[in-house]
2 protein chains.
Amino acid sequence: MATGRTHRPATRSRGIPEATVARLPLYLRALTALSERSVPTVSSEELATAAGVNSAKLRKDFSYLGSYGTRGVGYDVEYLVYQISRELGLTQDWPVVIVGIGNLGAALANYGGFASRGFRVAALIDADPTMAGKPVAGIPVQHTDELEKIITDNGVSIGVIATPAGAAQQVCDRLVAAGITSILNFAPTVLTVPDGVDVRKVDLSIELQILAFHEQRKAGEEVTAPEEAAGAVPPPPVPHRAPSGGPGADSGRQGPDGDVPAVMPA
Amino acid sequence: MATGRTHRPATRSRGIPEATVARLPLYLRALTALSERSVPTVSSEELATAAGVNSAKLRKDFSYLGSYGTRGVGYDVEYLVYQISRELGLTQDWPVVIVGIGNLGAALANYGGFASRGFRVAALIDADPTMAGKPVAGIPVQHTDELEKIITDNGVSIGVIATPAGAAQQVCDRLVAAGITSILNFAPTVLTVPDGVDVRKVDLSIELQILAFHEQRKAGEEVTAPEEAAGAVPPPPVPHRAPSGGPGADSGRQGPDGDVPAVMPA
DNA sequence: CATTGTGAAGCGGTTCACAGCT
DNA sequence: AGCTGTGAACCGCTTCACAATG
């Protein structure tokens, strides 16, 4: 997901599979580490291990970029670092804006990983007027009113949304209207964007829920895998269809704070 | 990735596809919102739109859980909320520990999305002795020395790693040794864990790099898709194989801070 | 008769296994 | 001899399209 629509059948170009693109940063990281240790070459096997994938996949991935290896030898580390950087577009630097400077926004602003990989935090934006001017990670926070101007003036095309869920779509609309075409969304909401705009989403609570699912399975299997494991689970609300009373136990969970105003205050 | 090995062919059970599991939290969120607005039923079409997927996929997903809908009508919201919660294991509460209370760790500790979905922050752990006792999000930070005891005493099975990259594997090993079987990793490193332990990874800089890749493509196409777009890119280091000098321009990028000590101080 | 539930086809990605180079 | 590059088999997920059904 997160990619455009039917995507241009244009240029019929060498289309790199999305799954491969998603792994390139991983390879790049492993290669950078090798580069720092002045390792001149790596085999697909070694690099794959360092990146946490299997070697067949790695070789296939690299084959989409071109033939950058040497049979019988391996890959030249420096050369590969350069090729992957270029492929990912990291040889130029990308100004990004972060909107929503709460706990998470501040954490992102301080994140060293941005600066080191061709990304530059061009501005921090928050709706709270009392935050305006306050420096976070050495960068003064600006008020939302300036959003459009900031984006235009700095030629920003990548935006990070770290606002509460309720504000995310609105912020997103403004970012897009101002010319942003790539968005990294930390707010727990589905963003609607026009075609041509990419959205990637990072959702803390979803990741935890996925872990909980597997965790539950493990717990269940320990005990010879009965149907209801611990047995602490309330009785199924109704055999089928339950429009009557309520959903068995406590479907409402504690606190009607719904989707949670996310991490940061505003 | 992140799931076990060949995975037990055991119980031949109703195996829910991993892709489906990853979407259940999305459905749950949309359903919770409907529930709060007291909407009694939804069609697959409506719910799919709210969750940002297509309806065929949603119906197929639900079909793995059982036949919880009513033909000609749709799905009972409350009932579905309950079923999905139960499937995800959210009807019980999961104590989690967060290790590494820097900017990001603090942001996570303050994240409301945890508490509202059956997750409870059982403890905050940091290696910095001066942080010990200091409350973050109302919870006193404890020193790493206590790690094992905390996990055992609270029966914690899910751990969140928000330490610098350099400390992650070590922390991971201790968590696993102490009994943790699910890990959410925010540190930019590949974690090695024994079979049976699930790891999910959230990597800020990787997401940005993926966006940059697509962004670069867009920029290139605007201008009739020339080979080097902006032209600001340095000349290709060498036609093929480059063991000689260095990798053209600046493969080392600015600052040898390598993989970045992540977000938080320690 | 609107809407679910699902076989079957389609598609993208992974893995295999080996031919091709150095 | 060793390791890359890749066609082909395989596998899981998505999409289609329609039969089943309250």
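In what follows, chains carry the letters A, B, and so on, assigned in the order in which the sequence lines appear, proteins first and then strands, with residues in each chain numbered from 1. Quantities reported herein were computed from a predicted structural model and do not represent experimental measurements.
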Length of the [atom1]-[atom2] vector between [X] and [N], whole Å:
| X | N | atom1 | atom2 | result |
| --- | --- | --- | --- | --- |
| D76(A) | dT22(C) | CG | C1' | 15 Å |
| L47(A) | dT4(D) | CG | C1' | 13 Å |
| Y27(B) | dT4(C) | OH | P | 13 Å |
| Q83(B) | dT4(C) | CD | C1' | 16 Å |
| K57(A) | dG13(C) | NZ | C1' | 8 Å |
| L65(A) | dT6(D) | CG | P | 11 Å |
| L58(A) | dC16(C) | CG | P | 15 Å |
| E18(A) | dG12(D) | CD | C1' | 18 Å |

Inset, instruction - Name the nucleic acid region contacted by Y75(A), choosing base, sugar-phosphate or nothing; use a 4.0 angstrom heavy-atom cut-off, strictly under. - result: sugar-phosphate
Inset, instruction - Pick base, sugar-phosphate or nothing for G74(B), based on heavy-atom distances below 4.0 Å to the nucleic acid. - result: sugar-phosphate
Inset, instruction - Counting heavy atoms from C-beta on, name the nucleotide in dT22(C), dA8(D), dT14(D) closest to the side chain of K60(A). - result: dA8(D)
Inset, instruction - Can you figure out which of dT4(D), dT6(C), dG22(D) approaches the side chain of R59(A) most closely? - result: dT4(D)
Legend entry - From CA spacing to verdict: side chain to side chain donor-acceptor pair (under 3.5 Å), S182(A), D198(A): CA-CA 5 Å; S182(A) 288; D198(A) 281 333; 4.6 Å; no
Inset, instruction - Please determine, by modelled atom types, if S205(A) and Q209(A) share a side-chain donor-acceptor pair under 3.5 angstrom. - result: yes
Legend entry - Residue mapping more 5' on DNA chain C - nearest nucleotide basis, G72(A) or N54(A): N54(A)
Inset, instruction - Would you indicate, yes or no, if dT4(C) has its OP1 or OP2 atom less than 4.0 angstrom from a side-chain nitrogen or oxygen of S44(B)? - result: yes
Inset, instruction - Look only at the side chain of S35(B) and the backbone of L31(B), and say whether a donor-acceptor pair between them is shorter than 3.5 Å. - result: no
Legend entry - Proximity of Y79(A) and Y68(A) rings by center, below 6.0 Å: yes
Inset, instruction - Would you check if I16(A) and F213(B) make a side-chain contact, meaning some heavy-atom pair closer than 4.5 Å? - result: yes
Inset, instruction - Ignoring hydrogens and angles, answer whether the base of dT4(D) and the side-chain atoms of R71(A) contain a donor-acceptor pair closer than 3.5 Å. - result: yes
